[in-house]
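Right, one structure below, let's go through it.
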Amino acid sequence: MPKVIFLPHEELCPEGAVFEAEEGETVLDVALRNDIEIEHACEMSCACTTCHVIVREGFDSLEESDELEDDMLDKAWGLEPESRLSCQAVVDDEDLTVEIPKYTINQVSERH
């Protein structure tokens, strides 16, 4: 069973975390199931960038992003070549190491 390793994030998981994932789950599904509250303002419909993550290890095991996701990612804060929207990054059979960026472009967060 693959694992998703979340690197430490000051607010969302200060110690970092490692969780088992089912093949076919998104990175966001794994995070939310384990109380890592990654923002997802569009309710996982690939219509915003608030769930942007950077896949530090295992990036090549993910299916390629589609044109819609790429268009959304162009608007993300801190975009890197290994950036993905966590609502679209589907876990396959390889472990993933994920960094949650410090900021999003979301002007208003309902958590604060």
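In what follows, every heavy atom counts, from backbone to side chain, and hydrogens, waters and symmetry copies are set aside. On a predicted model such as this, the values are computed, not experimentally measured, just so you know.
The CG atom of Leu96 lies 10.0 Å from the CZ atom of Arg84; values are rounded to the nearest 0.5 Å. Distance check: Glu64 CD to Asp70 CG gives 9.0 Å after rounding to the nearest 0.5 Å. With rounding to the nearest 0.5 angstrom, the CD1 atom of Ile38 is 4.5 Å from the OG atom of Ser86. Put simply, CZ on Arg33 and CD on Glu20 are 9.0 Å apart, with the number rounded to the nearest 0.5 Å. Atom CE of Met72 is separated from atom OG of Ser45 by 9.0 Å, given to the nearest 0.5 angstrom. To the nearest 0.5 angstrom, Phe19 atom CZ is 8.0 Å from Asp35 atom CG.
Across Leu73 and Leu79, no two heavy atoms sit closer than the pair O-CD1, 3.4 Å. Contact detail for Pro14 and Pro8: the closest heavy-atom pair is O-CB, 3.4 Å. Closest heavy-atom contact between Val30 and Ala21: CG2-CB, 3.6 Å. In terms of heavy atoms, Cys46 sits closest to Gln88 at CB-NE2, 3.5 Å. A pairwise comparison of heavy atoms in Ile54 and Pro101 identifies CD1-CG, 4.3 Å as the closest pair. Scanning all heavy atoms of the two residues, the minimum distance from Val91 to Thr26 falls at CG2-C, 4.4 Å.
Criterion: ILVMFWY side-chain heavy atoms under 4.5 Å apart, direct or through other members. Under it, Ile100 and Val90 are not part of a common hydrophobic cluster. A continuous path of hydrophobic side-chain contacts links Leu12 to Met44 [ILVMFWY only; heavy atoms under 4.5 Å].
Side chain of Asp95 to backbone of Lys3: a donor-acceptor contact under 3.5 angstrom is found. When atom types are taken as modelled, the side chain of Glu69 and the backbone of Leu85 share a donor-acceptor pair closer than 3.5 angstrom. Not one N or O on the side chain of Asp71 forms a donor-acceptor pair closer than 3.5 Å with the backbone of Leu68.
Sorted by first and then second residue, the side-chain hydrogen bond (donor to acceptor under 3.5 Å, both in side chains) pairs involving residues 51-63 (not counting sequence neighbours) are His52-Ser83, Arg56-Glu80, Arg56-Glu99.
Considering Val27, Val18, Asn34 as possible partners of Phe6, the one that fulfils the side-chain contact (heavy atoms from CB on, under 4.5 Å) test is Val27.
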Report the C-alpha separation of Leu7 and Thr97 in whole Å, then their side-chain angles, then the decisive distance to 0.1 Å, and conclude whether the side-chain contact (heavy atoms from CB on, under 4.5 Å) test is met.
-> CA-CA 7 Å; Leu7 297 175; Thr97 300; 3.7 Å; yes

Test side-chain contact (heavy atoms from CB on, under 4.5 Å) applied to Met1 and Asp93, step by step | CA-CA 7 Å; Met1 187 171 284; Asp93 60 351; over 6 Å; no

Go through His40 and Cys87 one step at a time and tell me if the side-chain contact (heavy atoms from CB on, under 4.5 Å) criterion holds.
-> CA-CA 8 Å; His40 52 287; Cys87 71; 5.9 Å; no

Full working for side-chain contact (heavy atoms from CB on, under 4.5 Å) between Glu82 and Val53 | CA-CA 8 Å; Glu82 293 81 24; Val53 297; over 6 Å; no

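At a threshold of 4.5 Å between non-hydrogen side-chain atoms, the residues Pro2 and Glu23 count as touching.
Here Glu11 does not pair with Lys102 in a salt bridge; the nearest charged N to carboxylate O distance is not below 4.0 Å.
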